[in-house]
Structures are given as structure tokens and as C-alpha cells.
Amino acid sequence: MKKAELVFIPAPGAGHLVSALQFGKRLLRRDDRISITVLAIKSAAPSSLGSYTEALVASDSRLQLIDVPQAELPPLEFAKSPAKFFILNIENHVANVREALTNYVSSRSNSVPIVGVVLDFFCVSMIDVVNEFSLPSYLFMTSNAGYLSFMFHFPAQDSRTGRPPKDADPDWLIPGIIPPVPTKVLPVSLTDGSYYNYLGVASRFRDFKGIIENTCVELETHAFNSYSKDQTTPPVYPVGPVLDLNDGQARSNLNQEQRDRIMNWLDDQPEESVVFLCFGSMGSFTEEQVREIAQGLEQSGQRFLWSLRLTPPKDSKTLTPIDCSNLEEVMPDGFLERTRGRGLICGWAPQVEVLSHKATGSFVSHCGWNSLLESLWHGVPVVTWPMYAEQQLNAFRMVKELGLGLEMRLDYRRGSGEVVKADEIGRAVASVMENRELRKKVKEMGVVSRKAVEDGGSSSVSLGQFIEDVMKNHFGSD
Ligand code: UDP
């Protein structure tokens with residue numbers, strides 16, 4: 001039996017590292033010939049991911065972790081363009097990754113060959129390092145197939161216009177996405193000063209030997225059909241949903257008491273009665289917006305669980321949201337009293353557990369891809385409130401292409417200064433709870449997505465195909 005090792009280079013940050021590691025775990029479970037070494041670039045932001053990764057690694061002897069020393073951060077003024085900052089930060093790590101890989105390869109005593117390197121899509125600058133070792137590179141996409149279609153299309157669009165898009169530009173016709181895409185819902189990175197860095201990333205996508213996608217073909221059939229018509233794209237393997245269904249709490253700073261407070265409260269609520277509001281690892285609001293949300297929730301008359309995090313002050317050097325230390329200070333007068341028993345406000349939430357709870361009836365979400373997959377998995381309909389990254393495109397597709405979300409906002413942007421009013425929030429929250437048709441459709445997609453990863457399901461077959469191709473690319477076809 002031929003054994004094989006894969007090296008993973010995930011991008012730092014929860015949304016990327018966690019799904020790459022969960023994908024790694026899935027590979028290990030699937031095939032005991034495989035072992036994985038993760039070269040871990042540390043996140044610049046403080047997080048509890050270290051202990052999470054250590055626990056995962058400790059749980060499997062075929063998984064090991066090598067820390068890549070931290071490189072110098074890009075100038076902080078670039079933080080206004082998060083993708084640019086992120087991409088430059090990864091580029092600053094190229095030398096350290098090269099050194100870590102060189103040391104690792106020369107120190108290995110076992111004879112199991114390294115058969116390939118799996119890179120996060122933000123780490124495409126590492127592809128040249130991987131080439132120096134004459135190894136094939138595979139791309140791991142933490143986002144969806146529609147977004148991949150956009151990334152394939154982006155360099156061609158740029159060759160026509162040569163500049164970042166403007167609101168008044170015609171909609172983009174992207175093979176792989178059914179409706180024409182308004183420029184306002186294209187990824188924020190195209191217009192926040194990151195355009196050329198982002199283009200640099202997109203222009204390398206066709207250089208990979210294969211692309212792994214955290215989605216399933218049933219959810220995004222049109223996008224997968226479009227790849228098969230395009231001879232220039234590498235093979236794409238939909239292996240999702242790859243979710244962190246059990247280990248989630250371990251990666252947060254939530255202690256047992258905080259978790260129990262939330263889950264015990266949910267236990268006391270009627271079935272499908274609670275609106276859950278949660279906005280990813282980086283979603284945050286100003287105090288003015290917080291008051292509008294509070295009023296909207298009150299007007300809706302619905303029960304709610306609200307994961308609230310505040311925007312850091314303007315002079316802060318980071319975009320990392322902060323927990324609210326005094327709710328009385330930021331909420332409208334008397335709000336906490338009036339909604340006592342009907343609503344609960346927390347900081348970081350055990351999101352997957354909340355979505356899986358029978359009391360949870362809908363989800364106001366920033367439309368990060370992991371959050372959308374988690375909500376579909378548990379059959380909970382979302383109300384769209386995108387914030388950053390490619391979330392506007394995700395929101396647009398959920399509503400206009402897939403019919404799996406209720407539209408509140410499609411083009412909202414964190415930091416734009418816009419304040420969404422209470423009326424609009426209240427209306428959206430009330431209407432999602434009444435929308436039986438949407439709930440039914442979302443539940444059906446949940447069933448389909450679970451089937452996809454079961455034995456014989458489409459994503460399971462695709463995972464098998466990925467392993468087979470990786471082996472064939474290294475050992476040949478015997
Ligand atoms: N998450 C959570 N609790 C929170 C906020 C987020 O558990 O209070 C988890 C969520 O379940 C998801 C991930 O963090 O798995 C966020 O990933 P996503 O792709 O949705 O958004 P990102 O944080 O990358 O913008």
C-alpha cells in the first residue's frame with residue numbers, strides 16, 4: 001500500500017484555518033494511507049486558535065503541525081484595505097515558509113513521499129516556493145463555487161477595463177453565476193484599495209493542479225456546469241460542506257458557564273421561535289446601529305438571541321470587534337427590561353450549537369460562507385446582512401440565484417457609515433419567521449447537503465476522486 005503525505009499551508013484566521021484543518025481531518029478519516037503536515041502561519045490578531053489547533057493535532061497521529069515564524073507586518077495604514085493587508089502579510093511570509101519547508105524536507109527520516117501541497121487561496125504567492133520543490137500545488141477554497149467563477153472571470157474582465165469597477169458600470173456577466181452581477185455586490189476588495197493585489201491572486205488560479213471547494217454540486221450546479229465547459233480550468237473537487245460541527249467551542253474563548261447560559265436559555269424557548277443574530281469573526285456595529293437593531297427586534301415582537309460585538313474606536317489600529325462591557329450604556333432606555341425573558345444578548349456565540357437547537361427559527365447573518373453552510377445544514381433560513389469580503393456576493397446569490405435567503409441588505413458594507421433603520425430590521429425579522437416556503441426550501445437543501453457528504457454522496461465521491469488524482473499525479477496510473 002503506497003503511503004503519501006500532503007503538506008497544508010492554510011491562511012491564518014478562523015474562517016480559513018478551521019475549514020482547512022477540518023478538510024484535513026476528513027482526508028485522514030477517509031484514507032489511512034495519508035498523513036498531513038500543516039505549516040501554520042500565525043495570525044497577527046490575538047485568538048484562541050492555538051489551543052484549538054493543538055487539540056486537533058493531538059487527536060490524530062497522522063496530523064502534525066509546524067509553526068512558521070511570524071514575519072514583519074505590512075504597514076498598518078494598509079489595514080484600511082483588508083485583503084491587501086492580508087495578501088501582503090502572506091507575501092511577507094514567503095521566505096519563512098521556504099525555510100520551514102526546506103528544513104522539514106531535509107530533516108524527514110521517513111520514506112513516505114510528499115505528494116503535494118494544499119494552499120489556501122490567499123496563499124497563492126507560495127505556489128512558486130512549492131514549484132522549487134517540484135511538487136504539485138492544490139488550491140483549497142474556503143468559499144463557494146460562484147465565488148470561484150468570479151475569480152476565474154476577474155482577470156478577463158480586468159483585461160477589458162484595466163481598472164476597479166464603479167457603481168455605474170454595467171452588471172458583470174460571470175459564467176457560473178446565473179443572474180448578471182451588479183458591481184455593488186462584487187467583493188469589497190475590488191473597491192477598497194486592494195484591487196491589484198486581489199487581481200494578482202485571481203490570476204494564479206489556473207496554475208493549480210486541482211481546486212478543492214467547500215460546497216456541494218447540488219447547491220451550485222450551474223457553477224460546476226460552467227467549469228466543465230471551460231477547458232482552461234483545473235479539475236474542481238466539491239467536497240463540502242466541510243464544517244466544524246463538534247470542535248467549535250474549543251476555538252472560542254467561551255467558557256462552559258457562558259455556553260450554558262446561552263444553551264439553557266434556548267432550551268426554555270418554544271420550537272423555531274428564536275431569531276439568532278450573528279455576524280462572523282469580524283462583524284461589528286457602532287452604538288448608533290446597535291440601538292436601531294435593538295428597536296427593530298423590539299418592534300418585531302420576536303424572541304431573539306443576539307451575538308453583539310462593537311466596532312473598535314476610529315483611532316484603533318485594528319478592525320477586531322470588541323465585546324460590549326456595559327449593555328445598559330449602549331441599549332435604548334428600558335430595552336433590557338422590556339425584552340427580559342424574550343431576548344438574550346451575548347458576545348461570541350457557540351454558533352453551530354445554536355443553529356442546531358430546535359428553538360432557533362431564523363438567522364440574521366453577515367453571509368460568511370461557513371455561516372451559510374452551517375445554516376443550510378441545520379435548515380435555518382437566513383436574513384442577509386453582508387459586511388465585508390465576498391459576503392455581498394454570497395448574499396446576492398443566496399437571494400437572487402439560489403432562492404435560499406430573505407433579502408434585507410445585499411450591498412451593505414461594514415465601515416460605510418450607513419445605518420440600517422429599526423423598521424427595516426424589524427420587518428425583515430418578522431417576515432422571515434412567517435415565510436414557510438423559504439423554510440421548507442432551506443430544510444430540503446439541508447437534507448441534500450448532508451447526503452452529499454455521506455458514503456456514496458456527491459462530495460464523498462469527489463473527495464475520493466481528489467485522493468485518486470493526487471496519487472496518480474505522483475505515482476503514475478499503475
Ligand atoms: N462563529 C461562532 N461564533 C460567533 C461568530 C462566528 O462560532 O459568535 C463561527 C461560525 O460558526 C463560523 C465562523 O465562526 O464557523 C465564521 O466563519 P464565516 O465564514 O461565516 O465568516 P468569517 O468569520 O470568516 O467572516
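Ligands are counted one by one from 1 in listed order, and the atoms in each one are counted from 1 as well. Since we're looking at a predicted model, the values are computed, not measured.
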**Contact partition for Gln391 relative to ligand 1, non-hydrogen atoms under 4.0 Å** =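 For Gln391, the contact with ligand 1 is made by the side chain alone.
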**Request:** Classify the contact between Ser281 and ligand 1 as side chain, backbone, both or neither, using a heavy-atom distance cut-off of under 4.0 Å.
**Result:**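 Both of them.
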Atom indices of ligand 1, in the order listed, that fall short of 4.0 Å to a heavy atom of [X]:
X      : answer
Gly368 : 18 (P), 19 (O), 20 (O), 21 (O)
Ser307 : 8 (O)
Trp369 : 19 (O)
His366 : 20 (O), 21 (O), 22 (P), 25 (O)

Within-shell test, [X] vs ligand 1, heavy atom, strictly < 4.0 Å:
X      : value
Tyr388 : yes
Met387 : no
Arg309 : no

**Asked** For the ring pair Phe285 and Trp306, is the centre-to-centre distance below 6.0 Å?
**Response**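 Between Trp306 and Phe285, which both carry aromatic rings, the centre distance is not below 6.0 Å.
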Verify whether one side chain among [X] and [Y] offers a donor that lies under 3.5 Å from an acceptor in the other.
X      : Y      : result
Gln351 : Ser371 : yes
Thr384 : Glu407 : no
Ser125 : Arg204 : no

**Prompt:** Can you find an N or O of Cys278 that's nearer than 3.5 Å to an N or O of ligand 1?
**Reply:**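 In fact, backbone or side chain, Cys278 has no N or O that close.
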**Request:** Answer yes when Glu454 and Arg450 have at least one side-chain N-carboxylate O distance shorter than 4.0 Å, and no when they do not.
**Result:**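 No, no charged N to carboxylate O under 4.0 Å.
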**Request:** May I ask which of Leu372, Leu355, Asn370 has a heavy atom nearer to atom 18 (P) of ligand 1 than the others do?
**Result:**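 Considering heavy atoms of Leu372, Leu355, Asn370, the nearest to atom 18 (P) of ligand 1 sits in Asn370.
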**Message:** If the condition is side-chain contact (heavy atoms from CB on, under 4.5 Å), which residues does Arg427 pass it with, not counting sequence neighbours?
**Reply:**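 Arg427: side-chain contact (heavy atoms from CB on, under 4.5 Å) contacts with Asp423, Glu424.
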**Asked** ring-ring contact (aromatic ring centres under 6.0 Å, His included) with Phe396: which residues, sequence neighbours excluded?
**Response**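 ring-ring contact (aromatic ring centres under 6.0 Å, His included) check on Phe396 returns nothing, list empty.
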